[in-house]
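Throughout, protein chains are lettered first and strands after them, A, B, ... in sequence-line order, and every chain is numbered starting at 1.
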Amino acid sequence: MFSNSSISPPSTLTQETPLISPIETCESMHQLKQIHSQTIKLGLLTNPTVQNKLVTFCCSEKGDMKYACKVFRKIPRPSVFLWNTMIKGYSRIDSHKNGVLMYLDMLKSDVRPDNYTFPFLLKGFTRDIAVEFGKELHCHVVKFGFDSSVFVQNALISTYCLCGEVDMARGIFDVSCKDDVVTWNVIFSGYKRVKQFDETRKLFGEMERKGVLPTSVTIVLVLSACAKLKDLDVGKRAHRYIKECKIVPTLILENALTDMYAACGEMGFALEIFGNIKNKDVISWTAIVTGYINRGQVDMAPQYFDQMPERDYVLWTAMIDGYLRVNRFREALTLFREMQTSNIRPDEFTIVSILTACANLGALELGEWVKTYIDKNKVKNDIFVGNALIDMYCKCGDVEKAQRVFWEMLRKDKFTWTAMIVGLAINGHGDKALDMFSQMLRASIIPDEVTYVGVLSACTHTGMVDEGRKYFADMTIQHGIEPNEAHYGCMVDLLGRAGHLNEALEVIKNMPMKPNSIVWGALLGACRVHRDAEMAEMAAKQILELDPDNEAVYVLLCNIYAACNRWDNFRELRQMILDRGIKKTPGCSMIEMNGVVHEFVAGDKSHPQTKEIYLKLDEMTSDLKFVGYMPDISEVFLDVGEEDKERAVYQHSEKLAMAFGLISSGPGVTIRIVKNLRMCVDCHRMAKLVSMVYDREVIVRDKTRFHHFKHGSCSCKDYW
DNA sequence: CTAGGGTTAG
């Protein structure tokens, strides 16, 4: 027997439409399909409530958009509610294209959107879709008159933020009523995306004055901004709201608090909060690790890093970056190898850190490996990666590859251009660097103070005095950049190297700020090239007043005395150095071979191939003597008798590296060496001869520039 | 609408 109610047709008298409550309690698509067929059998499909409930379920988390579409297409004239539900469904599954298509279909069917339509549609946008449709949809919003709906405003603000158009977002924010805390949260999150943390801080103050009460989302965003700005005061104020507004402390909030205190250097507070977190996750640990790193206490970080059982790629990268910050590049690479052994995949952030390490070590082979890794493993090749690649290639002396990366980049920012300009300049291609600079201006990229350091050093490295003066003036006139000490240093360098020592001194005297040791150091360097002992003494005195422990100055002055044959001064100064116990920074050269960075100091005997290296060095010396090599000991410093002087120069670290390079690589392979100090005259001479006699390109990156040795001459034109 | 790591000089 059939029960009456289940077979009787829908009656207008029925209080409740049948099958509604089964849909509401439905658990799966399987159940829903059964209910759907029942509605067809019962002819209930024309009932709007049934339609709404069916489509809503299919669009929900347990649903299936394909099925939703089937049901939806059978409905003759869907209501705006149904269209919205479909749009919302597509947003949920990140099918933004379909969302937009739905919206367009809806307009074609002459259904007007309501104030739910836009938030649902915009919510599903990715950056690309937002760029493509954002502005147009904003026009629709205005046309249909929803521009004063707070939900629509919030959605639009967040869409503009997604496109990176914060100013448009801010425009909408400024005319909104600002009563809704979500509006504030959305704009804060937008400023976070573009890293304008200062705006968040300013607006937070405004929000407080307006008396809008923050939610936990607000506090998290404000704390994150304070962490980046290292603003402890505002951070503490945000912390107070948690108690005052009775905001429940979630893990996210506790992590944000820990990070804020750690970033501000308040490790005591940070550890207290950290200690009270019940279910610490990797983000909590990262906050502590980066806290120590920020304070320069890298060696405190491993305590926590090693304790954390589940280290993810962010934590690894943070730790690797910690070593980079204190110039411990080799340790950074060691950690990277450990990371790979642990089977943690590096992402684009890690890659940037590794490229930075390669750049500083001159490790081209590893850098090339990273480039291949990026291409093969589909690491997101974003603008940071591109910029780091350019920097790596330039600092490894391979300008061509750097340029290739540069031109392949789809987007270029001021960092991209600056890295290329600086890279060309230090590699001795001043003219190309300046050409790049004019292309940069034509591309409407605004240079900053670093760009101008690159431009001025391009002029310096190539001796273009008049151009340098012009750019120095342009910097302020055209771009409103006030020159800093580095720029004055470049000018002193430029004039000094060209032999205009007095003019260089005038520049220093007329500086609006107190000349620092960089500026005086530039003058001292010029005195060395032009052998002006008097001015050198004066410059050295200035530096030592500012920085009494600057051992490089003593060494340079010694070299200058030697170059000017002022042996009395030389001995006097050397005695003073010995009396005061001033230690010369040991010269150190690095060379990469098969992905391993080998390091040499003068007279080094620690290398496993020491014997072969010294044999090769003997062989080199006698080979080169045939073409006129005579040891030049004028720049030797730490030595006693003449014979020892010769020994000392003979065993300079870059010579050992060169010998090692010659025996460990095949004929014709370029030898690349990185030195921590300025290259000495003797090593420079020897490298030129090596490049000729053995027909090898030798590239030495010293403290300030590159020396590309080829066929017996050097790109620096013996001017360094 | 919510937390952590990355690029240019001296």
Side-chain angles (χ1 to χ4, degrees), chain A residues 123 154-155 157-158 161 180-190 192-193 195 214-224 227-228 247 250-260 262-263 277 281-291 293-294 312-322 324-325 346-356 359 380 382-392 394-395 413-423 425-426 447-457 484-490 493 516-519 521-522 703-704:
Chain A
K123 208 182 163 82
N154 292 347
I157 294 171
S158 109
C161 290
D180 181 16
V181 65
V182 175
T183 312
W184 296 85
N185 293 349
V186 174
I187 194 84
F188 289 168
S189 138
K192 178 180 150 68
R193 174 183 293 271
K195 300 183 175 132
T215 62
S216 92
V217 174
T218 323
I219 299 301
V220 164
L221 285 164
V222 170
L223 286 172
S224 156
K228 295 294 185 303
I247 294 170
T250 57
L251 178 61
I252 295 179
L253 197 50
E254 290 173 306
N255 283 345
L257 267 174
T258 309
D259 186 52
M260 185 277 292
I277 303 179
D281 65 0
V282 65
I283 296 179
S284 330
W285 293 83
T286 310
I288 298 297
V289 165
T290 52
I293 289 169
N294 270 317
D312 69 357
Y313 57 101
V314 175
L315 183 54
W316 277 98
T317 308
M319 195 62 230
I320 290 173
D321 188 54
L324 298 186
R325 302 266 195 101
D347 72 347
E348 67 274 17
F349 282 67
T350 324
I351 292 299
V352 168
S353 293
I354 299 309
L355 286 171
T356 307
K380 195 174 157 208
D382 67 8
I383 200 157
F384 287 85
V385 172
N387 296 348
L389 268 173
I390 292 175
D391 184 47
M392 182 277 292
C394 286
K395 290 210 173 108
D413 61 8
K414 70 171 184 186
F415 294 96
T416 320
W417 288 93
T418 303
M420 201 61 246
I421 290 167
V422 171
I426 55 174
D448 68 3
E449 67 278 9
V450 183
T451 318
Y452 267 104
V453 171
V455 170
L456 293 175
S457 68
N484 64 26
E485 288 92 340
H487 300 113
Y488 282 102
C490 287
D493 214 2
N516 65 4
S517 52
I518 295 174
V519 180
K703 211 177 170 203
T704 55

**Q** Does A:S224 make a side-chain N or O approach to OP1 or OP2 of B:dA3 shorter than 4.0 Å?
**A**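 Answer no for this pair, as no side-chain N or O of A:S224 is under 4.0 Å from OP1 or OP2.
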
**Q** Please report the distance, rounded to the nearest Å, between CD1 in A:I187 and C1' in B:dC1.
**A**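 Between C1' of B:dC1 and CD1 of A:I187: 12 Å.
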
**Q** So, taking the atom named CD1 in A:I283 and the one named CD1 in A:I288, what distance separates them when rounded to the nearest 0.5 Å?
**A**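 The CD1 atom of A:I283 sits 13.5 Å away from the CD1 atom of A:I288.
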
**Q** Can you measure A:I252 atom CD1 to B:dT2 atom P for me and round it to whole angstrom units?
**A**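 Spelled out: CD1 on A:I252 to P on B:dT2 is 9 Å.
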
**Q** Partners of A:C394 by side chain to side chain contact (heavy atoms under 4.5 Å, CB included), sequence neighbours excluded?
**A**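 By the side chain to side chain contact (heavy atoms under 4.5 Å, CB included) rule, A:C394 matches A:I390, A:A402, A:M420, A:N427.
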
**Q** When the distance from CG of A:N294 to C1' of B:dG5 is rounded to whole Å, what number comes out?
**A**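 Those two atoms, CG and C1', are 11 Å apart.
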
**Q** Could you please name the option among B:dG5, B:dT2, B:dA3 that lies closest to any side-chain atom of A:S216?
**A**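 Selected nucleotide (nearest to the side chain): B:dT2.
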
**Q** Within less than 4.0 Å of OP1 or OP2 of B:dG6, is there a side-chain N or O belonging to A:R325?
**A**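 For B:dG6, OP1 or OP2 has a side-chain N or O of A:R325 closer than 4.0 Å.
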
**Q** Base, sugar-phosphate alone, or nothing: which one does A:T416 contact when heavy atoms must sit under 4.0 Å apart?
**A**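 Answer is nothing: A:T416 stays at 4.0 Å or more from every strand.
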
**Q** May I have the distance from A:D382 (atom CG) to B:dG5 (atom C1'), rounded to whole angstrom?
**A**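 To the nearest whole Å, that distance equals 13 Å.
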
**Q** Roughly, in whole Å, what's the span from CD1 in A:I277 to P in B:dG4?
**A**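 Taking atom P of B:dG4 as the reference, CD1 of A:I277 is at 13 Å.
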
**Q** When all nucleic acid strands are considered with a 4.0 Å heavy-atom cut-off, which category describes A:Y452: base, sugar-phosphate, or nothing?
**A**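 Nothing: the residue A:Y452, judged by heavy atoms under 4.0 Å, touches no strand.
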
**Q** Side chain of A:V220 only, heavy atoms from C-beta on: which candidate in B:dA3, B:dG6, B:dC1 is closest?
**A**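 The nucleotide sitting nearest to the side chain is B:dA3.
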
**Q** Round to the nearest Å and state the distance from A:R193 atom CZ to B:dA3 atom C1'.
**A**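 In whole Å, B:dA3 C1' lies 15 Å from A:R193 CZ.
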
**Q** What I want to check is whether an N or O donor and acceptor connect the side chain of A:D347 with the base of B:dG5 at under 3.5 Å.
**A**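 Between B:dG5 and A:D347, which were checked side chain against base, a qualifying N/O pair under 3.5 Å is present.
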
**Q** Who are the side chain to side chain donor-acceptor pair (under 3.5 Å) partners of A:T215, not counting sequence neighbours?
**A**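 Expected list: A:N185, A:T218.
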
**Q** When rounded to the nearest 0.5 angstrom, what distance separates CG in A:D321 from CE in A:M319?
**A**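 If I round to the nearest 0.5 Å, the distance is 10.0 Å.
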
**Q** Can you identify which nucleotide, out of B:dG6, B:dA3, B:dG5, has its nearest atom closest to the A:K192 side chain?
**A**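 So the nucleotide nearest the side chain must be B:dA3.
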
**Q** Return the value, rounded to whole Å, for the distance between atom CD of A:E348 and atom P of B:dT7.
**A**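 Taking atom P of B:dT7 as the reference, CD of A:E348 is at 13 Å.
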
**Q** For A:I277 and A:L251, what are the C-alpha separation, side-chain angles and deciding distance, and is it a side-chain contact (heavy atoms from CB on, under 4.5 Å)?
**A** CA-CA 7 Å; A:I277 303 179; A:L251 178 61; 3.5 Å; yes

**Q** What nucleic acid atoms does A:D281 come within less than 4.0 Å of, heavy atoms only: base, sugar-phosphate, or nothing?
**A**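 The residue A:D281 makes base contact.
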
**Q** Does A:V217 or A:K195 map to a spot on DNA chain B nearer the 5' end, using the closest nucleotide for each?
**A**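 Checking each residue's closest nucleotide, the 5'-ward one belongs to A:V217.
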
**Q** A:D321 side chain: which of B:dG6, B:dG4, B:dA3 is closest?
**A**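 Closest of the options to the side chain of A:D321: B:dG6.
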
**Q** Less than 3.5 Å apart, any donor N or O on the side chain of A:T258 or A:N255 sitting next to an acceptor on the other?
**A**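 No - no donor-acceptor pair under 3.5 Å links their side chains.
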
**Q** How many Å lie between CG on A:L315 and P on B:dG4, as a whole number?
**A**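 One finds 14 Å between P of B:dG4 and CG of A:L315, rounded.
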
**Q** Is there a side-chain polar atom (N or O) of A:K380 under 4.0 Å from OP1 or OP2 of B:dG6?
**A**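 No, outside the criterion.
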
**Q** State which of B:dG4, B:dC1, B:dT7 makes the closest approach to the side chain of A:N185.
**A**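 My answer, after comparing the listed nucleotides, is B:dC1.
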
**Q** Within a strict 4.5 Å, meaning less than it, do heavy atoms of the A:V222 and A:M260 side chains meet?
**A**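 No. Closest side-chain heavy atoms not under 4.5 Å.
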
**Q** If you check every side-chain atom of A:L251, which of B:dT2, B:dG6, B:dA3 has the closest atom?
**A**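 Minimum distance to the A:L251 side chain belongs to B:dA3.
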
**Q** Test side-chain contact (heavy atoms from CB on, under 4.5 Å) on A:V453 and A:V422; report intermediate values, then the result.
**A** CA-CA 8 Å; A:V453 171; A:V422 171; over 6 Å; no

**Q** If you restrict it to nitrogen or oxygen atoms, what contacts under 3.5 Å exist between nucleotides 8-10 of chain B and the protein, and what is each distance?
**A**
| unit_1 | atom_1 | unit_2 | atom_2 | d |
| --- | --- | --- | --- | --- |
| B:dA9 | OP1 | A:K395 | NZ | 3.2 |

